[in-house]
Amino acid sequence: MNHPTGRARAGLRRSLLSWYDRSRRDLPWRRDPSPYRVVLSEFLLQQTRVDTVVPYFERFVERFPSIESLASAPLDDVLKCWEGLGYYARARNLHAAAREIVERHEGKVPDRADDLSNLKGFGPYTTAAVASIAFDLPHAVVDGNVIRVLSRLCAIKDDVARADVRTRISEIAQDLLDPVRPGDANQAAMELGATLCSPRNPDCPQCPIARHCRGRKLGIQTDLPVKSKRGSRQKRTEVAVVLRRNTSVLVAKRPEEGLLGGLWEFPTVPVQSNQGKKDWGNALSDRTGLNVSIEGRLQTLHHAFTHFELELKAYEGQATGKNLRPTGYTEIRWAKEADLDRLAFSRVHRRLADYIAMPHQLELTSV
DNA sequence: GACCCGTGGTT
DNA sequence: TAACCAAGGGT
C-alpha cells in the first residue's frame, strides 16, 4: 500500500469532506439532486467544464422537465437543445437512455450500478457518478480530476494512459471513498481537482489534503500526472455553398453516426488540391441532386476540432433542377431563413447561418 | 488498445 | 501561441 490507510485514510476523508462542505460551488443540479437531474448533469459534464454546462442544464430542465418528456421528444429537439456543446453522440446517448429507462425501468432511473451501466452512454464514470450522487451507493468515480488528484497524492509517476495504472488509480479511489457519504466524497475529489489541484498551478497551501500528498512532499506535483503526448492536428479544407431560392436556403442533415452526427449544415464537400469552382460545383451537385455552380465567395471560417483544424470556405452559388437527392446526407431541404434558428447546426455552420442573416453585423467580428 | 468524437478556456 | 485539457463513451 502506498496510499493512505488506517488513521491517515480516515483523516483524509474527513478533511476532504469538511473542505467540500465549507467551499463547494452552488451548482443547479446540487440544489435538487433528483436522479433525473443527476443523470442529465452527468451527461452534460462529460469532457465539459462546469461553467459551460450550467446554462445548458438550465435550458434542458426547462425544456425537458422529466425523463418522460425527454424520452417522448424527437431526437432533433434534443440535438437543438444540445447545439454548440459538442460531442453530439452524448445527446443521442442521453435520449436513448431516457427511452430505455421509460421502457424497461418504468420511468425510474435504476438504483443499481449493474442496471445503470447497461444504459446507453453510461460508462464506468457516469455509472459511478449517478450511483453515488443520486443513490448514495459506494462507487468511486475516476475522471480527469480524480486521476490528477490521486496521481499527485500517491506520487504515481507511471503514464496514466496505461491500463494497469488506471486500474491502480481506480482501486485507490475506491479504497479512499468515504462509505457514509460517497456522493459528496466523489464530488469533493472532483471539485478539488477542478478548483485547487489544477493542472498547471495547484494551490497546495489551500489544499485540505496537502498534508497527505506525497507528490507535494517530493516537490513533483506539477509534473503529475504523467501523460503521453498527443500528435499534432491535421488540416482539412472544405467548401460550403449557400444556395438561395426565394426566401429559402438549402440545408442538409448529416448522418446520425460520426462527426457532428444528426446536425444540419449548408451543403459541404471536402476540398482536394488542384480543384477549382467547377470541381466543387460538380461535387456539390452529386451531394444535393441539383445542378450547382459556385459563384462569389462569402467568407472563410476556421475551426479547431480535437483531431483536425478545419478551414471552411463559404461561397454563394446557383442551383438549377427540382429533385433533391441527398448523397451522404440523410435529408436535404429548402428552409426559410427565419427557420434556420429551429435547426441544430454545428458551431461553424451556425456562424455561417448568422452571417447570412446579418452579414454586416458579423462581418466586422468574424475571423 | 487506439482512435474517433466538439468546443472553449487557460497558460 | 500552440498546446493542453476538461465531471468520457463507443467502437
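Chain identifiers are assigned alphabetically (A, B, ...) following the order of the sequence lines, protein sequences preceding nucleic acid strands; residue numbering begins at 1 within each chain. Only a predicted model underlies this, so the values are computations on that prediction, with no experimental measurement involved. Below, all heavy atoms of this structure are taken into account, side chains as well, without hydrogens, waters or symmetry copies.
Distances were taken from every side-chain heavy atom of A/Gln46 (C-beta onward) to each of C/dG8, B/dG6, C/dC5; the shortest belongs to C/dG8. Of the candidates B/dG6, C/dG9, C/dA7, C/dA7 carries the atom nearest the A/Trp29 side chain, counting heavy atoms from C-beta on. Comparing B/dG1, B/dG6, C/dA7 by their nearest atom to the side chain of A/Thr306 picks out B/dG6. For A/Val50, taking side-chain heavy atoms from C-beta onward, the closest of the listed nucleotides B/dG1, C/dA7, B/dG6 is C/dA7. Looking at the side chain of A/Ser346, the nearest of the listed nucleotides B/dT7, C/dG9, C/dA7 is B/dT7. Side chain of A/Asp143, nearest nucleotide from B/dG6, C/dA7, C/dG9: C/dA7. The listed nucleotides are C/dA7, B/dG8, B/dC4; the one nearest the side chain of A/Arg347 is B/dG8.
Residue whose closest nucleotide on DNA chain C sits further toward the 5' end, between A/Gly121 and A/Leu45: A/Leu45. Between A/Gly193 and A/Lys120, the residue anchored nearer the 5' end of DNA chain C, judged by the nucleotide with its closest heavy atom, is A/Gly193. Nucleotides of DNA chain B nearest to A/Gly86 and A/Asp164 differ in position, and the one nearer the 5' end is that of A/Asp164. Between A/Gln47 and A/Asn201, it is A/Gln47 whose nearest contact on DNA chain B lies nearer the 5' terminus.
Under a 4.0 Å N-O distance rule, the pair A/Arg49/A/Asp51 does not qualify as a salt bridge. Classification of A/Asp339 and A/Arg333 as a salt-bridged pair fails, no side-chain N sitting under 4.0 Å from a carboxylate O. Between A/Arg104 and A/Asp115, none of the side-chain N atoms (NZ, or NE/NH1/NH2) sits under 4.0 Å from a carboxylate O, so this pair counts as no salt bridge. By the 4.0 Å N-to-carboxylate-O rule, A/Arg14 lies too far from A/Asp178 to be salt-bridged with it. For the pair A/Lys80 and A/Glu83, the salt-bridge criterion is met [side-chain N within less than 4.0 Å of a carboxylate O].
A/Arg254 has its CZ atom 13 Å from the C1' atom of B/dC4, to the nearest Å. Here C/dA3 presents its P atom at 12 Å from CZ of A/Arg200, a figure rounded to the nearest Å. Between A/Glu309 atom CD and C/dC4 atom P there is a gap of 13 Å when expressed in whole angstrom units. For the pair A/Ile147 CD1 and C/dG8 C1', the computed distance is 10 Å after rounding to whole Å. Look at CD on A/Gln187: it is 13 Å from P on C/dA7, rounded to the nearest Å. Rounded to a whole Å, the CG atom of A/Leu44 is 12 Å from the P atom of C/dG8. Rounded to a whole Å, the CG atom of A/Leu94 is 12 Å from the P atom of C/dG10. The interatomic distance linking A/Leu85 (CG) with C/dA7 (C1') rounds to 13 Å, in whole Å.
Using C1' as the reference atom, C/dC5 and B/dC5 are 15 Å apart when rounded to the nearest Å. Comparing B/dG8 with C/dG9, their P atoms are spaced 22 Å from each other, to the whole Å. Separation of the C1' atoms belonging to C/dT11 and B/dG1 is 11 Å when rounded to the nearest angstrom. Atom name C1', nucleotides C/dC4 and B/dG6: the rounded distance is 15 Å, in whole Å.
Within the structure, a side-chain polar atom (N or O) of A/Lys227 is placed less than 4.0 Å from OP1 or OP2 of C/dA6. One finds no side-chain N or O of A/Asn93 lying less than 4.0 angstrom from the OP1 or OP2 phosphate oxygen of C/dG9. The side chain of A/Tyr88 places an N or O atom within less than 4.0 Å of a non-bridging phosphate oxygen (OP1 or OP2) of B/dT7. Proximity of A/His307 to the phosphate of B/dC3: no side-chain N or O atom is located under 4.0 Å from OP1 or OP2. Applying the 4.0 Å criterion to OP1 and OP2 of C/dA6, one finds that A/Arg148 has a side-chain N or O inside that range.
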Steps toward salt bridge (Lys or Arg N to Asp or Glu O under 4.0 Å) verdict (A/Arg350, A/Asp341)
CA-CA 9 Å; A/Arg350 172 55 64 193; A/Asp341 282 345; 3.2 Å; yes
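Across all non-hydrogen atoms, the minimal contact from A/Leu177 to A/Pro182 is CD1-O, 3.7 Å.
Across all strands shown, A/Arg24 has no heavy atoms under 4.0 Å from either base or sugar-phosphate atoms. Heavy atoms of A/Leu27 sit under 4.0 angstrom from at least one base atom. Across all strands shown, A/Gly84 has heavy atoms under 4.0 Å from sugar-phosphate atoms exclusively, and none from any base. Residue contacts shown for A/Ala163 are limited to sugar-phosphate atoms, with no base heavy atom under 4.0 Å away. If you check every strand for non-hydrogen atoms under 4.0 Å, A/Ser41 touches nothing.
Checking side-chain atoms of A/Arg287 against main-chain N and O of A/Thr268 turns up a donor-acceptor pair under 3.5 Å.
For A/Thr48 against B/dG6, a side-chain N or O and a base N or O form a donor-acceptor pair under 3.5 Å. Contact annotation: side chain of A/Thr52 to base of B/dG8, donor-acceptor pair absent below 3.5 Å. Between the side chain of A/Tyr125 and the base of C/dG8 there is no donor-acceptor pair of N/O atoms closer than 3.5 Å.
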